[in-house]
Amino acid sequence: MRFTSLVIELIRARPRLIVWIAVLLQAAMWLFVALVFYRSPPGSLATLLAFGREYRVGTDLGPPLPVWLADIAYRLAGGHMFGVYVLAQLCEIATFIALYHLARAVVGSQQAVLAVLLTMTVLAFSSPALDFGPLVLARPLWALLLLHSWLIIGQRRGNAWFAWSIEAGLLLLTTPAAIFLLALLVIFALATAGGRRTLRALDPLFALIVVAVLALPYAVWLMRAETLVLPALPQLAELSTRAIHAAWLLGGLVLGAAAIPALTFLNTRLFVAKGEEAPIIYRPPVEPLARNFVYFFALAPALGAVLISGLLGLDSVVGGAGVVLVMSGLAVVVAAGELIAMRRARMLRMVWAAAVVAPAAGVVLAVLFLPWTGANEITTSMPARAISDFFDESFARRTNHRLRAVAGETQLASLITLHSGRPHLFIDADPARTPWINQARFAETGGVVVWRASDTAGTPPPEILKRFPGIVPEVPRAFEWLVTGRQQLLRIGWAIVRPKGT
């Protein structure tokens, strides 16, 4: 009797179970990393929450939906970042489940598992896992939009139009790249006979009305804020520099998907002994329209995003790598053929697990060992709770008032706004970014001004002293990192602006 591994048999018999186990284990891994090794939010998540506390229709961070959802999750968790981390992982799970249903409709249940597993290796390296924001929220919305687009175009299921319209409207409220992504859907629909046939019905008109209603408040804000301006195209002399930049962005996408060619190479006959029979994962034939759909949305978003980002000189691809590469795993499975032999299954499992676990392991190693090298500080090692508690309590003791606003260095001020009192964030260096408070309002309500202390006296930086000429610096407060190592203690200079009338 030929031996077949349990994983292969489960892929054949219970493909949905394998998908759920894989995505839930990955989510649990990242939540464990966050709870044990994160003492402050990653990236700009603290600033996102500070903006979300205001519930504005629009800010300079982009459309409002990610900002609102982050604040709702933070409040539901009782003022703990765990709620936002769970929200980020729910987006990750929804992305892979939507991709599984799309892949199942194209290549069948068994090979759909392989598509999801390959895509997990891509998103693990190319997109943030816990830094919730537009890049994270756009992934499940785009995956759901692709799923329902195929149900409409490929399977002619008109009842999917309502879900499609809701997802399109929410995507417009999530990322500015939504217009580019929706344009790709329109291009594919117009370029195929099945898509043109779908557009002749009345359902697209009703869907367009729903999308317009959802996006109308943000569109009105954009027009009032006068931010609807066309980006400036580069001059002829700059084209070579922009082309090199676009090549670097494309190289970054290829590097993020490097685990797929590695797994494909290891699955070739080069590593199989003669006479060994590998188990086969079978699929029914893929119709031409489905093949074109998969290839188009695996290549067009990535190439289009690289082109646009290169022309505009953006630091990252439009929409984020996690969005434009979401179909890469399914495209490889479609190209592999109807019979996929799983050679050296144990080695493939080990390489796949290493690719999925490597980013989380890198975070843990960075937190534990980088401080001993004297390298740059680890942002997530800041004691956010201790910092916010100290300045909130200090302001209350000095003034007998609740802390209502924080100014100074944006990163430190954002951490203080995470306190249960949720004071306002005031970006004094650029007041237009925080229209809910200004210099006069800050002087009236009072608040705390914070900065990185460069000496034991806590002398404010010249630019802060210029904006707050009357402040009297207090003795700097030192905080310990999660792992101090050879780093200096985190010393924060601060001053209190007393409320008027006290």
Side-chain angles (χ1 to χ4, degrees), residues 30 33-34 37-56 58-75 77 79-89 91-92 126-139 173-177 227 309 314-323 359 363 366-367 376-385 387-388 405-419 422-437 450-452 481-482 490 492:
W30 278 110
V33 170
F37 298 99
Y38 278 19
R39 298 182 68 186
S40 61
S44 58
L45 185 52
T47 304
L48 184 81
L49 286 169
F51 278 64
R53 174 231 190 279
E54 309 299 334
Y55 283 93
R56 295 282 174 138
T59 64
D60 67 334
L61 297 183
L65 187 59
V67 184
W68 293 351
L69 290 181
D71 184 75
I72 292 172
Y74 186 76
R75 293 176 184 271
H80 198 286
M81 288 303 304
F82 183 72
V84 187
Y85 299 147
V86 169
L87 177 61
Q89 292 311 301
C91 290
E92 195 86 352
S126 61
S127 59
L130 295 172
D131 189 3
F132 180 80
L135 299 182
V136 174
L137 182 59
R139 291 201 302 257
L173 294 177
T174 298
T175 173
T227 57
S309 302
L314 303 178
D315 294 332
S316 59
V317 294
V318 172
V323 170
V363 170
V367 170
N376 295 333
E377 64 186 31
I378 306 297
T379 305
T380 54
S381 294
M382 290 183 177
R385 182 65 62 180
I387 292 173
S388 60
V406 189
E409 186 178 331
T410 303
Q411 182 186 27
L412 296 176
S414 299
L415 293 180
I416 300 172
T417 61
L418 295 177
H419 193 270
R422 303 298 300 278
H424 298 282
L425 173 65
F426 176 40
I427 303 179
D428 52 281
D430 188 5
R433 294 190 62 194
T434 51
W436 49 84
I437 190 171
V450 292
W451 60 87
R452 300 292 183 101
W481 302 89
L482 176 62
L490 175 61
I492 301 179

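Everything numeric in this text was worked out from a predicted model, so none of it was measured.
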Using the side chain to side chain contact (heavy atoms under 4.5 Å, CB included) rule, take Trp481 and Val367 through it: C-alpha gap first, then chi angles, then the decisive distance, then the call. CA-CA 10 Å; Trp481 302 89; Val367 170; over 6 Å; no
For the backbone of Val318 and the side chain of Ser309, can you confirm whether one donor and one acceptor N or O come within less than 3.5 Å of each other? yes
For Ser126, all residues meeting side chain to side chain donor-acceptor pair (under 3.5 Å), sequence neighbours excluded: none
Partners of Val450 by side chain to side chain contact (heavy atoms under 4.5 Å, CB included), sequence neighbours excluded? Phe391, Val406, Leu412, Ala413, Ile416, Val448, Ile492, Trp494
Arg433 meets the salt bridge (Lys or Arg N to Asp or Glu O under 4.0 Å) criterion, sequence neighbours left out, with Asp60
Side chain to side chain contact (heavy atoms under 4.5 Å, CB included) evaluation trace for Phe51 with Ile427: CA-CA 11 Å; Phe51 278 64; Ile427 303 179; 4.1 Å; yes
What's the spacing between Asp131 CG and Leu45 CG if we round to 0.5 Å? 5.5 Å
Across all chains, not counting sequence neighbours, the side chain to side chain contact (heavy atoms under 4.5 Å, CB included) partners of Leu135 are none
Going by side chain to side chain contact (heavy atoms under 4.5 Å, CB included), name the residues that satisfy it together with Ser127, two or more places apart in sequence or in a different chain. Leu123, Arg139
Walk me through whether Ile387 and Leu490 qualify under side chain to side chain contact (heavy atoms under 4.5 Å, CB included). CA-CA 10 Å; Ile387 292 173; Leu490 175 61; 3.9 Å; yes
Taking only residues two or more places apart in sequence or in another chain, which ones pass side chain to side chain donor-acceptor pair (under 3.5 Å) with Thr47? Ser414
Which residue pairs pass the salt bridge (charged side-chain N to carboxylate O under 4.0 Å, His left out) test when at least one of the two sits in residues 406-416, sequence neighbours left out? Glu409-Arg452
So CG of Asp430 and OG1 of Thr410: to nearest 0.5 Å the spacing works out to 9.0 Å
For Thr379, all residues meeting side chain to side chain contact (heavy atoms under 4.5 Å, CB included), sequence neighbours excluded: Gln411
With a 6.0 Å cut-off on the ring centroids, do Tyr38 and Trp30 count as close? no
Is Trp68 reaching over with its side chain to a backbone N or O of Arg56, donor-acceptor style, under 3.5 angstrom? yes
Does Leu425 offer a backbone N or O that forms a donor-acceptor pair with the side chain of Trp436 under 3.5 Å? yes
Among residues at least two apart in sequence or on other chains, which ones pass salt bridge (Lys or Arg N to Asp or Glu O under 4.0 Å) with Asp71? Arg75, Arg422
Counterpart residues, ring-ring contact (aromatic ring centres under 6.0 Å, His included), relative to Phe426 (two or more places apart): Phe442
Taking only residues two or more places apart in sequence or in another chain, which ones pass salt bridge (Lys or Arg N to Asp or Glu O under 4.0 Å) with Glu54? none
